[in-house]
Number of protein chains: 2
Amino acid sequence: MQRAPFNAAVSMDVTPPMDAKTYTHDEVGAMLRDHGINPTAQRVEIARELFSRKGHFSAEDVFSLVNNEQAQVSKATVYNTLGLFAERGLIRQLIVDPTKVFYDPNMTPHYHFYDVVTGKLTDINAEAVRITGLPPLPAGAQMEGVDVIVRMRRPNIEAG
Amino acid sequence: MQRAPFNAAVSMDVTPPMDAKTYTHDEVGAMLRDHGINPTAQRVEIARELFSRKGHFSAEDVFSLVNNEQAQVSKATVYNTLGLFAERGLIRQLIVDPTKVFYDPNMTPHYHFYDVVTGKLTDINAEAVRITGLPPLPAGAQMEGVDVIVRMRRPNIEAG
DNA sequence: CTTAATGCAAAGGCTTTGCAGAGAC
DNA sequence: GTCTCTGCAAAGCCTTTGCATTAAG
């Protein structure tokens, strides 16, 4: 009866989307400062990878991307930096895979398709989507955001 | 600059909701069989706790509930059983807290408020909610479900 | 007797943390 | 010189797994 293991979650869209743009150090430096973040070398490196690619990244993904040539940023710093970025509203945390957190540099309103087999995330532009009939928040509560995750499965993926 | 630790996620609504009902062994036994699950003593115990309370439970919550008098179910069995129940569609897995998975015995269509400070989940009845404008699924993909999580924060919770 | 389920303890994976060393002003 | 950041290694937490034991028919 063994239950299936948690999803593989291959993640990391290496393919840059159409709006990909390589940010300069100065550009991301300004973005960091705008969010009250001291733009150190490591933080700038991480932000450059995130914003130049615009995908969905696990901490491990970011670690690899930043260190693909020579080691430049430690794992601890990657984790701390991603947490800091999310806290300051520079990127978004995605809680959708039970085994790890993903980070999304796309801060425009959008939702996600989630392939439960591969763990792959795909954006859904929120502009066309309307959600009506949600009850009011509990008294005094402040909205942080609405996450919509459309979980789906692609059948008959060849087993080899 | 230290980032805040992950949410406390106290979880576990001990208060049974209005539709609470204490299920008998036979009743949950039938539910398990209906889902192709062999109703062993441990599985029945776990299912009784889940369905009689109807909250949102971490594996740890379930472990405590089932073993509050004398130890009856091991942690491994709790994990395996919750995974099995979810796989067979008896309960639902909620991926909403970055630190752990919650399980929800409420299988009627519904969404969730998530208090990002306390980690507490509250149901949103899906009947009144309409979501329109979602793009079609990728070709060949099969919908598994739509999760909506309204993240919110209650300000000014007394610090002591 | 054979198959399935349980439980313990160990292993595994992701993330955080303590603390020393390096860097910035 | 002081304050901040980084990085290593260790610790922590949740979850899964291996395997021997027990239960079920």
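The model shown is predicted, which means the values in this text are computed figures rather than measured ones. In the text below, chain A, chain B and the rest are named by the order of the sequence lines, each starting its count at 1.
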If I take atom [atom1] in residue [X] and atom [atom2] in nucleotide [N], what distance separates them, rounded to the nearest angstrom?
X	N	atom1	atom2	answer
B/Gln42	D/dA24	CD	P	9 Å
A/Gln72	C/dA22	CD	P	19 Å
B/Leu84	D/dT15	CG	C1'	16 Å
A/Phe63	C/dG13	CZ	P	16 Å
B/Tyr79	D/dT15	OH	P	4 Å
B/Ile46	C/dA5	CD1	C1'	12 Å

Nearest-nucleotide comparison on DNA chain D, the residue closer to the 5′ end among B/Asn38 and B/Ala59:
B/Ala59
Looking at B/Thr40, does any N or O in its side chain come under 4.0 Å of the phosphate oxygens OP1/OP2 on D/dA23?
no
Is A/Thr77 close enough to D/dG7 that one of its side-chain N or O atoms is under 4.0 Å from OP1 or OP2 there?
yes
Going only through I, L, V, M, F, W and Y residues with side-chain contacts under 4.5 Å, is there a path from A/Val150 to A/Phe102?
no
Using the rule that two of Ile, Leu, Val, Met, Phe, Trp, Tyr join whenever any of their side-chain heavy atoms come within less than 4.5 Å, decide whether A/Tyr111 and A/Ile149 are in one cluster.
no
Testing A/Ile46, A/Asn67, A/Val73 one by one against A/Val62 for a side-chain contact (heavy atoms from CB on, under 4.5 Å), which residue passes?
A/Ile46
How would you list, by chain and number, every residue that makes a side-chain hydrogen bond (donor to acceptor under 3.5 Å, both in side chains) with B/Arg153, sequence neighbours excluded?
A/Glu144
